[in-house]
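For reference, the structure discussed in these notes is given below.
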Amino acid sequence: MADLSFLEELNPSQQKVVKTVEGPLLVIAGAGSGKTKTLICRMAYLVYQGVNPEKILLLTFTRKAAKEMIDRAEELLKKNCQKISGGTFHSLCQYMLRFYGYLLGYNSNFTILDRSDAEDLINLLKSSLGFSDKKKRFPKKDTLVSIYSKIINQKKSLEEILSSEYPQFLDYYYEIEKLLTEYTNYKKEYQLMDYDDLLVNWLSILRQYPQVRREVGERYNFIMVDEYQDTNYLQGEIIKYMGEIHQNVMVVGDDSQSIYGFRGANFRNIFEFPKLFSNTKIIKLEQNYRSTQAILDLANVIISNSKVKYTKNLYTVKKGGERPILFRAKDEAESSKFVADRILELREKGIKLSQIAVLFRSAFHSFDLEMELNKRGIPFVKYGGLKLLESAHIKDFVAFLKILVNPKDYLAWNRVLLLLEGIGPKTAERVINCLKNSEASLKTTIEKLKYHIHSKELDRLINLYTELLFNFHKLSTSETLLKVWETYYPIFQRIYYEDYNKREKDIESLISLSEKYSSVEEFLTDLVLEPLEVEETLSTAKEDECLVLSTIHSAKGLEWHTVFIISLIEGRFPSYYSMQKEEELEEERRLFYVAVTRAREKLFLVAPMTIYLPGEGKVLAKLSRFIQEIPLSLLNYYKEPLKTQDLAGTKTVNEVPSFKIGDLVKHPYFGEGEIMEIISPEKIKVYFEKKGITLLNLKYAPLEKLV
DNA sequence: CCGTACAATGTTTTT
DNA sequence: CATTGTACGG
């Protein structure tokens, strides 16, 4: 029997969090304040106190995170914690809706639409309403989906969203409104739900049925929510109702780490929590155990430059430490080379690759680096970016499966039919109408189809479904997938004739992945709710020897010994799209804060001086404003160790200090600046924050070298 | 009505 | 540059 000795490792505030078991509790926890550890201990403590693990619900940002935390709780307690329910809001809602969806007219086998499915559906409706033809500047499908999602998640009207973010489409107000109504109706009619519907529908059931609230309250007696700053009002409401009976709801968050505003999250949600639950106790965790003082100083400066005031100041127990290093590379190639060089150095010093991460704002920022790493044979995994499910061939394949689970999924039907030779949009529509109008079972309907349309590939499809429906419960999940693969394969070869052997591997790993599942339905649900990364399927074996490349969003909650942040230039970080609006810019800043606070010991900030833009060629890149705001005393400027020839060359030139591109300098009138270009030994171009790029003659200009 | 060849367009972050 | 829409021939 384990004891409670694990509590001794916690500081007093953390202990208070663990022991405050009953009633609503809001924990404001700074970066690296042991938030995860505290949550784990709290779960273990509850189970130790005799709470049935099945009565505990843990909501996190990814299911992987939930699983990891539950595993660690089990390790602490050496007692079965596996039965704790853990997952994301979306997976919880999905699960509850399989039970209670009937209250809204949903069967338990409804299909979940991912973003591109939703886009396909919108497109389908758009053309059936005739909006795609004449109207020249009608919004595109992805814009329409974004508009719709914003209405839901930000609790705003179509008019508000249009006038604030898409004023160019205000003329189409009624058409858009009509389209969105059609979209909503269609989903309901054919058993489809998009991501937002999962939240909306579950909330709607909770609101309408006190009986459900009671049942759910009895099912989960203790609710814990991680990363609460990234929830939106829908999720807040869901929590309110699910905790109504017992009020045992604990949420943890950090308002300065809110980075999902684009998805409707609002960091102010965290301050609304006490309004949802009266008598909320609030505990702050401000002591940082993760990073060195030098890194934390940087983080504190970043966040103090915010327009919004946040609730905490971090202080650390790890005094001192190396100053974060800034490297201004000549171009992206040099930036990648720099990162790879440092990584190899670190590895020689005994730092494991898995303890190093390279972070960036957008997935494509690491393309150049990926090439360099491949060249040098440094293994890595990448998080964020393309998901396996997003590639066309996987979507095709999955569409076959969706039909099997939910024969009313005409969106999947449409996709599959269009794949067949000789069938275009019109014929597909005819077939689908035929399917819709027949009351008979799928099997007989399919038989009937044979007489309507003559197509060799359609025959094969019909044979497949006849066979599968007949054997549906006899075959294992992977056997079913294999059958589908057999039918799809010739089509697959025809459509992707250029690179089908490359794509084939994806399908194969998908099939082997499906072996773990007891039903196709479960497999599909997991695929949509926890989309797999492309690389994840390839290199699972050697994961602990891998360097991590990740978007900052996907790096949330994680930490490494050494962190590199690359592409720290205007337009990339902050991103162009966020530079117009104050609020979005603030979110970018928080994003930078999150990135910096991932590092325990070492932090490298890298920015290329020039980048290559398609169409425009090489262009100058300005250092990110977030770096420019940082006092120079907090950073070290990285200089390549001078080679002997270089030294020999510079010494003879003049007796003024030798400047290099990228050196930081100080001028009595213009202040601090950075050297952009050396034209001759005496003439240099310097970028001053106050003045812009200036040509200086070193004979006259009393430049002082900094750092 | 289907498939293909070509032109245009606009590029984030994720459940 | 890769996706998405348009024009045209079969």
Side-chain angles (χ1 to χ4, degrees), chain A residues 59-66 87-94 112-120 123 126-127 132-133 135-138 140-143 145-146 149 152-153 193-200 227 230-232 234-235 258-265 359-367 383-387 389-392 417-430 453 455 494-495 525-533 550-556 567 571-579 584 587-588 590-592 594-595 612-616:
Chain A
L59 293 172
T60 56
F61 221 67
T62 62
R63 284 204 279 183
K64 203 170 128 206
T88 62
F89 269 93
H90 289 86
S91 68
L92 167 77
C93 292
Q94 171 269 144
I112 302 169
L113 305 180
D114 69 10
R115 185 168 175 123
S116 69
D117 296 331
E119 287 175 1
D120 289 347
N123 227 16
K126 187 170 132 190
S127 52
S132 16
D133 316 331
K135 323 270 180 177
K136 277 294 164 211
R137 281 175 48 244
F138 200 74
K140 292 221 210 76
K141 58 179 183 176
D142 52 327
T143 317
V145 172
S146 301
S149 187
I152 305 284
N153 286 298
M193 290 198 208
D194 61 24
Y195 287 132
D196 296 334
D197 290 328
L198 293 173
L199 302 178
V200 170
E227 310 280 9
D230 285 321
T231 58
N232 60 25
L234 287 169
Q235 292 161 322
S258 165
I259 55 176
Y260 279 88
F262 65 92
R263 209 167 86 182
L359 306 181
F360 32 85
R361 169 70 237 259
S362 312
F364 75 91
H365 296 164
S366 68
F367 286 169
Y383 296 107
L386 248 198
K387 300 288 188 293
L389 195 61
E390 282 165 23
S391 46
L417 289 169
L418 287 176
L419 291 173
L420 307 180
E421 188 129 59
I423 296 183
K426 292 289 170 198
T427 317
E429 208 183 323
R430 259 174 61 216
I453 290 111
S455 150
R494 173 171 56 80
I495 298 177
T525 300
D526 260 29
L527 222 47
V528 190
L529 290 182
E530 195 84 353
L532 289 160
E533 310 278 344
S550 175
T551 58
I552 299 166
H553 284 92
S554 299
K556 190 162 93 158
S567 274
R572 285 194 169 184
F573 201 173
S575 148
Y576 287 120
Y577 313 103
S578 306
M579 297 204 311
E584 290 176 30
E587 181 154 314
E588 297 280 310
R590 292 193 294 270
L591 197 57
F592 185 45
V594 169
Y612 184 81
L613 285 184
E616 290 173 67

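Naming convention: chains lettered A, B, ... in sequence-line order (proteins, then strands); numbering from 1 in each chain.
Applying the side-chain contact (heavy atoms from CB on, under 4.5 Å) criterion to Thr143(A), with sequence neighbours excluded, gives Pro139(A), Lys140(A), Ile147(A), Tyr166(A), Phe169(A). Phe360(A) pairs by the ring-ring contact (aromatic ring centres under 6.0 Å, His included) definition with nothing, not counting sequence neighbours. Residues forming a side chain to side chain donor-acceptor pair (under 3.5 Å) with Lys141(A) (at least two apart in sequence, or on another chain): none. In this view, Phe61(A) and Tyr260(A) satisfy the ring-ring contact (aromatic ring centres under 6.0 Å, His included) rule, not counting sequence neighbours. For Asp196(A), there are no salt bridge (Lys or Arg N to Asp or Glu O under 4.0 Å) partners, not counting sequence neighbours. For Ser578(A), the side-chain contact (heavy atoms from CB on, under 4.5 Å) partners at least two apart in sequence or on another chain are Arg361(A), Ser575(A), Glu584(A), Glu588(A). Ser366(A) meets the side chain to side chain donor-acceptor pair (under 3.5 Å) test with Glu370(A), Lys382(A); sequence neighbours excluded.
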Restricting to nitrogen or oxygen on both sides, can you table the protein-nucleotides 7-10 of chain C pairs closer than 3.5 Å?
none

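Computed from coordinates, the Arg494(A) CZ to dT4(B) P distance equals 8 Å when rounded to whole Å. The separation between Asp120(A) atom CG and dT3(C) atom P is 13 Å, rounded to whole Å.
Using modelled atom types and a 3.5 Å distance limit, the side chains of Thr231(A) and Arg263(A) yield no donor-acceptor pair.
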What string of B, S and - do you get for nucleotides 10-15 of chain B 5' to 3' if you count protein non-hydrogen atoms under 4.0 Å? SSBBBB
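For the P atoms, the distance from dT4(C) to dT13(B) is 16 Å, rounded to whole Å.
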